[in-house]
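Working notes, structure below.
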Amino acid sequence: MKVEISYFPPEKIITVPGEEATYPFEINGEFHYIVEFYTDSHEEFFCNWMDSADYYPIYSLAEIYDFQQAEYEDLFKMQNIEFNYMKGSRKGTFFVKAIIRSPQQFKEYYPYLYGNGSMLNLSLWSLKQDVFRLEEREYESPYPVKRTKNNRTRLVKLKWIANTPIATLTESSTMFWVGYDGDYITAFSNDEHFSTIDSLQKIIPEKVELVIEDVEEE
């Protein structure tokens with residue numbers, strides 16, 4: 001199996017949610033390596049990679065729709081996965097935080113994480129550390145809308161309060177995000193194994209060959 005990867009310089013990444021945010025979550029703390037993984041066999045690749053007990057517990061944070069809640073609860077109860085809910089950032093959504101303690105639990109939960117990311121919902125997981133929290137933030141619409149009051153119409157920018165997912169990384173953190181439409185999965189890490197393709201090759205499954213693609217600078 002060949003897996004294509006791309007490296008990105010952290011200094012070019014916008015880590016605070018906003019109009020031009022790179023990611024739909026905030027990242028606090030330093031992180032040295034950003035690697036994107038592209039493969040049609042993502043489930044096989046990541047489930048085999050996460051097969052080592054050295055990566056557990058794994059903590060995940062996902063934002064799901066309310067109509068998914070029963071399905072997720074059935075899975076968690078069947079697999080004995082610890083979880084809790086928090087209010088979502090949009091109407092009709094929840095953040096679900098889960099603690100995955102074994103490769104078998106990860107294999108069962110991974111299709112849900114990936115499927116959720118493919119629906120443009122947030123799906124994150126981190127190795128051995130709970131780096132995730134939620135914080136209420138005020139947001140303002142980037143474009144004004146018309147509002148009429150007392151027969152007077154004016155342009156206003158809407159404001160609202162929403163829960164914002166925040167990942168606080170430490171010197172030993174590694175976190176994964178299911179990218180837009182599930183087209184790729186991005187790793188954020190301070191682990192030296194992620195520093196080069198050769199060192200990364202040493203910790204992935206033996207039958208996987210990494211192929212690097214250089215990112216063109218603007």
Side-chain angles (χ1 to χ4, degrees), residues 3 5-6 13 15 17 21-27 34-51 55-137 139 162-169 173-189:
V3 175
I5 66 172
S6 295
I13 302 302
T15 59
T22 311
Y23 303 111
F25 51 89
E26 183 173 327
I27 307 176
I34 304 175
V35 187
E36 285 188 355
F37 297 85
Y38 303 84
T39 174
D40 292 333
S41 304
H42 58 87
E43 184 171 349
E44 178 184 356
F45 171 55
F46 281 101
C47 288
N48 286 342
W49 188 3
M50 299 295 114
D51 200 39
Y55 296 135
Y56 292 83
I58 286 176
Y59 296 86
S60 74
L61 181 68
E63 188 175 21
I64 67 172
Y65 295 111
D66 51 8
F67 64 79
Q68 297 174 282
Q69 187 174 357
E71 183 180 7
Y72 273 69
E73 287 183 1
D74 288 343
L75 169 73
F76 292 149
K77 291 174 182 177
M78 185 177 299
Q79 296 300 321
N80 197 29
I81 295 174
E82 298 174 49
F83 70 98
N84 63 76
Y85 288 118
M86 295 158 282
K87 184 179 179 181
S89 62
R90 297 163 293 162
K91 184 178 180 181
T93 64
F94 297 91
F95 283 107
V96 57
K97 197 172 187 180
I99 305 176
I100 304 161
R101 299 193 180 278
S102 70
Q104 178 60 34
Q105 289 181 340
F106 184 82
K107 288 176 182 177
E108 295 295 332
Y109 190 31
Y110 179 83
Y112 289 78
L113 281 174
Y114 180 80
N116 199 55
S118 299
M119 295 168 61
L120 297 179
N121 284 346
L122 181 72
S123 282
L124 300 163
W125 79 86
S126 65
L127 308 183
K128 301 188 75 170
Q129 295 178 334
D130 181 4
V131 302
F132 307 121
R133 76 177 196 275
L134 298 178
E135 190 173 296
E136 286 192 344
R137 297 286 177 83
Y139 292 89
N163 273 334
T164 298
I166 299 171
T168 301
L169 304 185
S173 296
T174 296
M175 176 184 76
F176 296 87
W177 169 60
V178 180
Y180 296 111
D181 293 324
D183 290 342
Y184 54 91
I185 292 178
T186 303
F188 306 81
S189 184

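Sequence positions, counted from 1, serve as the residue numbers for this chain.
- With 3.5 Å as the limit, one finds no donor-acceptor pair spanning the side chains of Thr164 and Glu26.
- Nearest heavy atom pair, residue Pro165 against residue Leu134, reads CA-CD2, 3.6 Å.
- When side chains are defined from C-beta on, His42 counts as touching Tyr114, because their heavy atoms get closer than 4.5 Å.
- For the pair Gln79 (side chain) and Leu75 (backbone), a donor-acceptor distance under 3.5 Å is absent.
- Asn116 places no side-chain N or O within donor-acceptor distance of the main-chain N or O of Ser123, the cut-off being under 3.5 Å.
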Give the C-alpha distance, both sets of side-chain angles, the deciding distance and a yes or no for ring pair (Phe, Tyr, Trp, His ring centres under 6.0 Å) between Trp125 and Tyr109. CA-CA 11 Å; Trp125 79 86; Tyr109 190 31; 9.5 Å; no
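- A heavy-atom distance below 4.5 Å is found between the side chains of Leu120 and Asp181.
- Taking all atoms of both residues into account, the shortest heavy-atom contact from Asn121 to Gln68 is ND2-OE1, 4.1 Å.
- Ser189 places no side-chain N or O within donor-acceptor distance of the main-chain N or O of Thr174, the cut-off being under 3.5 Å.
- Using cut-offs of 30° and 60° for the angle between ring planes, the Tyr112 and Tyr72 rings count as perpendicular.
- With sequence neighbours excluded, the residues satisfying side chain to side chain donor-acceptor pair (under 3.5 Å) with Asp130 are Lys97.
- Here the side chains of Phe188 and Leu124 are not in contact, with every heavy-atom distance at 4.5 Å or above.
- In this structure, CZ in Phe95 is found 6.0 Å from CG in Asn163, a value given to the nearest 0.5 Å.
- A 6.0 Å sphere centred on CG of Asp40 holds no more than 12 heavy atoms belonging to other residues, nucleotides or ligands.
- Contact check for Lys107 versus Asp51: side-chain heavy atoms found under the 4.5 Å cut-off.
- Without hydrogens or angle criteria, Asp66 side chain to Phe94 main chain gives no donor-acceptor distance under 3.5 Å.
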Test side-chain contact (heavy atoms from CB on, under 4.5 Å) on Phe25 and Leu61; report intermediate values, then the result. CA-CA 11 Å; Phe25 51 89; Leu61 181 68; over 6 Å; no
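- The heavy-atom pair separating Tyr56 from Pro103 by the smallest distance is OH-CA, 3.2 Å.
- Partners of Tyr55 under the side chain to side chain donor-acceptor pair (under 3.5 Å) rule, at least two apart in sequence or in another chain, are Trp49.
- Classified by interplanar angle (parallel below 30°, tilted 30° to 60°, perpendicular above 60°), the ring pair Trp177/Tyr184 is perpendicular.
- Atom CD1 in Ile5 sits 14.0 Å away from atom CD1 in Ile185 (nearest 0.5 Å).
- Interatomic distance, Arg101 CZ to Ile58 CD1, rounded to the nearest 0.5 Å: 11.5 Å.
- Between the CE atom in Met86 and the CD atom in Glu63 there is a gap of 10.5 Å [rounded to 0.5 Å].
- For the pair Gly117 and Val178, the tightest heavy-atom approach, listed with the atom from each and the gap, is CA-CG1, 3.7 Å.
- The OH atom of Tyr38 sits 8.5 Å away from atom CG of Asp183, with the distance rounded to the nearest 0.5 Å.
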Step by step, work out the ring pair (Phe, Tyr, Trp, His ring centres under 6.0 Å) result for Tyr59 and Phe132. CA-CA 8 Å; Tyr59 296 86; Phe132 307 121; 8.1 Å; no
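- Using the six-membered ring where Trp is involved, Tyr110 and Phe106 have ring planes that are tilted, between 30° and 60° apart.
- Across Tyr65 and Met119, no two heavy atoms sit closer than the pair CE1-CE, 3.6 Å.
- For the atom pair CD1 (Ile100) and CG (Asn80), the distance works out to 12.5 Å, reported to the nearest 0.5 Å.
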Test side-chain contact (heavy atoms from CB on, under 4.5 Å) on Met50 and Leu127; report intermediate values, then the result. CA-CA 9 Å; Met50 299 295 114; Leu127 308 183; 3.7 Å; yes
